[in-house]
Amino acid sequence: MPSDHLPEIGRPAGELLAELARLRDADLPVRGGQVTAYVYDTGREAVHDLAATAYAEMLEVNCLDPTAFPSVVALERQIVGAVADRLGGGSGVFTSGGTESIMLAVKAARDAHPVDGRPEIVLPATAHPAFHKAAHYLGLEVVHVPVDASFRADPAGTAAALSPRTVLVVASAPSYPHGVMDPVPEIAAIAASAGVRCHVDACVGGWVLPWLRDTGRDVPPFDLSVPGVTSLSCDLHKYGYAPKGASVVLFADESLRRHAYFASAGWPGYTVINAGVQSSRSAGPLGAAWATLNAIGAQGYRDLAGNAMRTAERLIAGVAEIPGLRVLGRPVVPLVAVTSDDPSLDVFVIADEARSRGWFFQPQLSYQGIPPNLHFTLTGVSDIDALLTALADATKAARAAGPPDVPSGLVEALATLDLDTVDDAGFAALLASVGVDLSNGGDPEMATVNAVLNALPPATREELLIRFLSALYT
Ligand SMILES: *Cc1c(COP(=O)(O)O)cnc(C)c1O
């Protein structure tokens with residue numbers, strides 16, 4: 001039984017490892033391609049085993065002081081160099097993930113360009129929430145620009161959104177929800193002509209687009225070689241297939257990179273110099289990312305990217321054969337968003353039906369007129385025939401079941417409820433009333449919850465999600 005206090009006498013290793021394995025039984029599988037979000041499997045067991053060994057080798061090395069642990073500098077220079085070599089040059093920082101890379105790019109842009117009043121960041125509606133998080137943490141205001149009918153950033157809208165307080169304009173290559181490419185050269189040119197910086201979010205695309213281009217596919221310009229692009233983020237723990245905790249942020253020039261850094265001599269202890277958000281940090285992810293990149297190599301990444309994209313294209317072709325379903329936009333990477341055009345066919349019910357058949361398809365809520373949909377992040381390991389069969393079966397079952405029953409009045413009640421008057425236990429009781437059991441970490445049957453969230457405005461969704469997280473951990 002899990003226990004919420006420290007044992008007086010240390011427990012035996014075998015027992016602890018068995019308990020971890022038992023806990024993991026409830027998790028979605030991280031290999032095999034039946035979970036089409038969150039995880040990236042090469043299908044090459046030896047690569048993942050090597051990454052684990054390299055991770056363990058570097059586990060206790062502390063990135064806090066690169067002069068004490070020069071291996072950190074050597075590995076980071078190689079990784080950042082290899083990424084810059086493929087993505088238009090620049091100097092960079094190895095970070096814990098896309099969110100930290102974006103945080104540093106936003107900080108650098110803010111500090112390099114002081115403005116009168118609150119600085120602003122111009123985002124297409126499809127930009128990743130990490131930019132909202134960075135703005136929230138760093139005291140910037142978000143100026144949101146709607147995307148066009150193909151879900152791409154709108155250059156004219158972006159130009160109109162600039163103000164004397166703008167410090168950064170963002171484009172995604174591609175955006176996560178639909179895998180479509182923003183017009184990076186146009187957006188970067190608008191930013192440059194206004195004298196502001198432009199960040200390209202290639203967190204998910206940065207380590208798949210260059211390899212797809214190598215294999216002869218049409219990949220529009222998006223990296224630091226594009227005039228006006230001043231920084232770029234590329235996650236190695238996505239299509240780099242490294243274990244989580246690996247991303248790179250590149251800056252067009254060293255002086256901009258220095259604005260990402262932080263130093264403090266303002267206390268009587270050791271001197272602090274940090275390139276990233278964290279201070280003490282394991283070099284495990286660094287060692288694992290270095291090993292993964294070098295073990296796969298350019299030819300390996302070309303093969304993996306080509307296989308993943310072929311899988312995505314077969315999904316797109318297969319969806320066209322399933323009545324009621326439709327792909328949103330034209331993905332340039334192996335990310336596919338599938339929506340329903342049939343009011344009796346609810347995508348959240350399809351997700352639950354698929355889950356009961358052993359597949360995880362990621363629900364995405366409606367936003368600014370973009371319909372609710374299911375997102376697929378594909379790799380070459382997904383058995384696409386089995387996936388399409390599961391999707392077709394789940395769709396048939398979802399149509400027969402109809403849309404979820406949302407208890408009458410619930411959406412209105414939630415929209416007007418003052419959540420400050422409800423504690424975590426009260427909120428858990430509220431969730432139980434719509435069939436969500438928090439004791440096992442939420443419930444795989446999420447259609448009702450998703451339908452309720454989908455019917456509420458984003459600000460209310462956010463309040464409810466924070467309460468959900470708090471209740472989950474209480
Ligand atoms: C995944 C992703 C991020 C955030 O990355 P994390 O590693 O989850 O912090 C940012 N932007 C895009 C486009 C992404 O796909």
Side-chain angles (χ1 to χ4, degrees), residues 30 35-40 79 83 87 92-107 109 121 123-138 142 144 147 151-153 168-184 187 198-210 212 219 222-223 229 231-250 260 276-278 281 285-286 288-289 292 305 308 312 328-329 331-337 362 364 367 370 373 375-379 465 469:
V30 299
V35 175
T36 58
Y38 310 126
V39 295
Y40 297 78
I79 293 174
V83 172
L87 294 175
V93 180
F94 180 86
T95 73
S96 61
T99 298
E100 189 180 4
S101 289
I102 286 165
M103 198 77 76
L104 296 184
V106 173
K107 176 191 173 323
I121 174 172
L123 299 181
T126 48
H128 193 277
F131 292 98
H132 295 265
K133 189 175 186 177
H136 181 75
Y137 280 25
L138 295 166
V142 168
H144 229 202
V147 290
F151 315 110
R152 300 169 78 228
L168 188 65
V169 174
V170 171
S172 305
S175 56
Y176 178 87
H178 319 103
V180 304
M181 207 64 172
D182 285 341
V184 170
I187 301 277
C198 174
H199 181 82
V200 170
D201 182 4
C203 278
V204 71
W207 217 236
V208 68
L209 289 168
L212 290 176
V219 171
F222 70 95
D223 64 18
V229 174
S231 57
L232 177 147
S233 46
C234 170
D235 291 351
L236 299 177
H237 64 201
K238 289 179 181 159
Y239 285 106
Y241 298 95
K244 293 292 180 270
S247 173
V248 167
V249 56
L250 295 174
V277 173
Q278 297 164 307
R281 171 166 61 103
L286 184 69
T292 305
L328 292 171
V332 289
V333 298
L335 307 181
V336 181
Q362 188 176 51
Q364 299 190 126
Y367 189 77
I370 301 172
N373 59 83
H375 173 101
F376 299 79
T377 295
L378 296 158
T379 64
L465 291 167
L469 191 64

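This is a predicted model, so every value here is computed, not measured. Atoms considered below: every heavy atom in the structure, side chains included; atoms not considered: hydrogens, waters and symmetry mates. Each ligand, and each atom within it, is numbered from 1 in the order the structure gives.
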Query raised in the report: Would you say H237's side chain and G245's backbone share a donor-acceptor pair under 3.5 angstrom?
Result: yes
Query raised in the report: Any side-chain heavy-atom pair from S233 and D201 closer than 4.5 angstrom?
Result: yes
Query raised in the report: Going by the atom numbers of ligand 1, which of them fall below 4.0 Å from some non-hydrogen atom of G98?
Result: 4 (C), 5 (O), 6 (P), 7 (O), 9 (O)
Query raised in the report: Just which atoms of ligand 1 are under 4.0 Å from any heavy atom in I102?
Result: 10 (C)
Report task. Have a look at ligand 1 and work out which part of A130, if any, has a heavy atom under 4.0 Å from it: side chain, backbone, both or neither. Result -> neither
Report summary line: In ligand 1, the atoms that come under 4.0 Å of a heavy atom of D235 are 1 (C), 5 (O), 7 (O)
Requested in this report: Check each atom of ligand 1 against the heavy atoms of D201 and keep those under 4.0 Å away; list them by number with element.
Outcome: 10 (C), 11 (N), 12 (C), 13 (C)
Query raised in the report: Hey, does the side chain of H375 reach the backbone of P177 with a donor-acceptor pair shorter than 3.5 angstrom?
Result: yes
Query raised in the report: Can you tell if the side chain of L236 reaches within under 4.5 Å of the side chain of V248, non-hydrogen atoms only?
Result: yes
Requested in this report: Consider every N or O of Y176 and every N or O of ligand 1, then say whether any pair is closer than 3.5 Å.
Outcome: no
Query raised in the report: Of all the heavy atoms in K238, does at least one lie under 4.0 Å from an atom in ligand 1?
Result: yes
Query raised in the report: Closest heavy-atom contact between L212 and V332?
Result: CD1-O, 3.6 Å
Query raised in the report: Applying a 4.0 Å heavy-atom criterion (strictly less than), which segment of E100 is in contact with ligand 1: side chain, backbone, both, or neither?
Result: neither
**Report entry** Distance filter under 4.0 Å to G97 heavy atoms, resulting ligand 1 atoms
**Finding:** 7 (O)
Query raised in the report: Do side-chain atoms of H178 reach the backbone of V180 as a donor and acceptor pair under 3.5 angstrom?
Result: no
Query raised in the report: Among protein heavy atoms, which lies nearest atom 9 (O) of ligand 1, and at what distance?
Result: T99 OG1, 2.6 Å
**Report entry** Close approach, K244 and ligand 1, non-hydrogen under 4.0 angstrom
**Finding:** no
Report task. Could you tell me whether the side chain of Y241 reaches within less than 4.5 Å of the side chain of T379, counting heavy atoms only? Result -> yes
Report task. Describe, in one word, how the ring planes of H132 and H144 are oriented to each other, choosing from parallel (under 30°), tilted (30 to 60°) and perpendicular (over 60°). Result -> perpendicular
